[in-house]
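So the structure is just underneath, and the comments pick up after that.
Order of listing sets the numbers, starting from 1, for every ligand and every atom in it. Please read all numbers here as calculations on a predicted model, not as lab measurements.
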Amino acid sequence: MQFKTIIEPFRIKTVEPIRQTTRAERERLLQEAGYNLFLLRAEDVLIDLLTDSGTGAMSSGQWAGMMLGDESYAGAKSFYKFETAVRNITGFKHVIPTHQGRAAERILFGSLLKPGEIVPNNTHFDTTRANVEYRKATALDIAVPEAHDPAHILPFKGNMDLAALEQTIADYPGRVPLAMITVTNNSGGGQPVSMANIRAASEICRRHGILFFLDACRFAENAWFIKTREPGYADKTPLAIAQEMFSYADGCTMSAKKDGMANIGGFLALNDDALAQRCKNMLILTEGFPTYGGLAGYDLEAIAVGLEEVLHEDYLQYRIRSVAYLGDILTANGVPIVQPPGGHAIYIDALAMLPHIPQSEYPAWALSLVLYLEGGIRSVEIGSVMFGHQPDGSEHPAAMELVRLAFPRRVYTQSHVDYLAEVILYVNNIREHIRGMRIAEAPSVLRHFSARMEPVCGSLLVSGKHCSLIGNKDGTT
Ligand SMILES: *Cc1c(COP(=O)(O)O)cnc(C)c1O
């Protein structure tokens, strides 16, 4: 008998209590935090979906591995275990540990990019873009056009636009030293990239003598989507699929806080000897000796075990299903989300859900606040508070107003997700009463982390006194 319920493929050995607060407490906490979820204390959050980065639960195998950590400065046993785990999956010759993914990016681009050069990517993650631009190079996003339409359903909506890749190489002869594909496409909704797309992008790059790298943060989730959606891969293991993905690339950057299943860490891996030497020299300057790269020996152990566990089929099936499970409930009840659900998060389309709030009043920010007010849920706005402020000081609304609910790995169970769905459906029912927000004060760069906001209340607002997030246009509740 094949039973249909997909269970969490683990049992719980250590528990961390989470704290219920009252709605009145949350109203006060929001006011004190300047209506900015980044400024809340984590202990005041019931279900924290701010990010899936470094927030996962480690397994008993990883904790046991940590006790084996070899803290020798050079040539530690833990490094060789880590190197073997990375090499087994990626096949790359040089494996360089770093403290996070962005350190791998900085070292790669710092060793490779010159001012005026162009780096195409399906969609650059924000640290990747920032590290390219820091080298005075241009980060060019060339995802397939469908990636920009939240409602459009495609199995591999993270794919790169291959014609745009060819065109970019033709337009900037000699100025494209490498191209990258991000799997899954985090900034594009966690959408997967097909093997055919990776293979074709790799062929284009090889034909033009250009390096091809993967931003591999969610390589295992991407492998699962290939297994379940791309013809010819159903009978292959996630490991074999991942190995094939990496076989088309010359190297990768990786944040072990994602599919490394660890709380910290990352790596850069590549084949080119001369480039690897330059990267290792820079690593020694800012991160550490090449056999630890800014990590403790026990971190290297945790990542080595995590990289093995993340490719287990029962884990990946549970992981992708638990995100899709929430997506299915929301879709069935008319809540607009980015379709289809991605690998690590659900993105609510706030522009579609709250048409009465103009983009100048930050609908996604407002929605994220109400999810906390009503249910103690922390999400993150990916919209005009995050992206609306231009370097020249002007305001330009973001392409989409999204609320991202990112799932930490192996942390929450189905009852947590059922609760989430209940809160979101309740908020959807009262959506017409959600008020827009305005910025009270904000720094000019990365303002979403520290901005102080306030509800837009209409004529009844007494100066200095906040009205509530939910109410009527004239300020009454
Ligand atoms: C998280 C992430 C990074 C950066 O990794 P950190 O460990 O946070 O520095 C780079 N690319 C993608 C796609 C990511 O999701």
Tell me which protein heavy atom sits closest to [atom], plus the residue, atom name and distance to 0.1 Å.
atom	value
atom 6 (P) of ligand 1	Gln100 NE2, 3.2 Å
atom 14 (C) of ligand 1	Lys258 NZ, 2.8 Å
atom 11 (N) of ligand 1	Asp215 OD2, 2.7 Å
atom 4 (C) of ligand 1	Thr127 OG1, 3.5 Å
atom 8 (O) of ligand 1	Arg102 NH2, 2.9 Å
atom 5 (O) of ligand 1	Ser255 CB, 3.3 Å

Aromatic plane relationship, His416 with Tyr412 - under 30° parallel, 30 to 60° tilted, over 60° perpendicular: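 Correct class here is perpendicular.
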Can we say Asp328 and Arg321 salt-bridge, meaning some charged N sits less than 4.0 Å from an Asp/Glu carboxylate O?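 Answer for the salt bridge query: yes.
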Sidechain N-carboxylate O distance under 4.0 Å for Arg135, Glu105: no
When you measure from the centre of the six-membered ring of Phe125, is the NZ or CZ of Lys258 under 6.0 Å away and within 45° of the axis? yes
Side-chain donor-acceptor pair present, Tyr248, Arg199, cut-off under 3.5 Å: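 Per modelled atom types, Tyr248 and Arg199 side chains form a pair under 3.5 Å.
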With a cut-off of 4.0 Å, which atoms of ligand 1 are near a heavy atom of [X]?
X	value
Glu105	10 (C), 11 (N)
Asn186	13 (C), 14 (C), 15 (O)
Thr182	13 (C)

With side chain to side chain contact (heavy atoms under 4.5 Å, CB included) as the test, pick out the partner of Ile348 among Leu402, Leu367, Val338. Leu367
Between Phe219 and Phe246, does the ring centre distance come in under 6.0 Å? yes
State if Cys217 counts as touching ligand 1 under the rule of any non-hydrogen atom under 4.0 Å. yes
Walk me through whether Phe225 and Phe156 qualify under ring-ring contact (aromatic ring centres under 6.0 Å, His included). CA-CA 8 Å; Phe225 281 116; Phe156 292 102; 7.7 Å; no
Would you say Gly101 has any N or O atom under 3.5 Å from an N or O of ligand 1, going by distance alone? yes
Heavy atom under 4.0 Å from ligand 1: found in Lys257's side chain, backbone, both, or neither? side chain
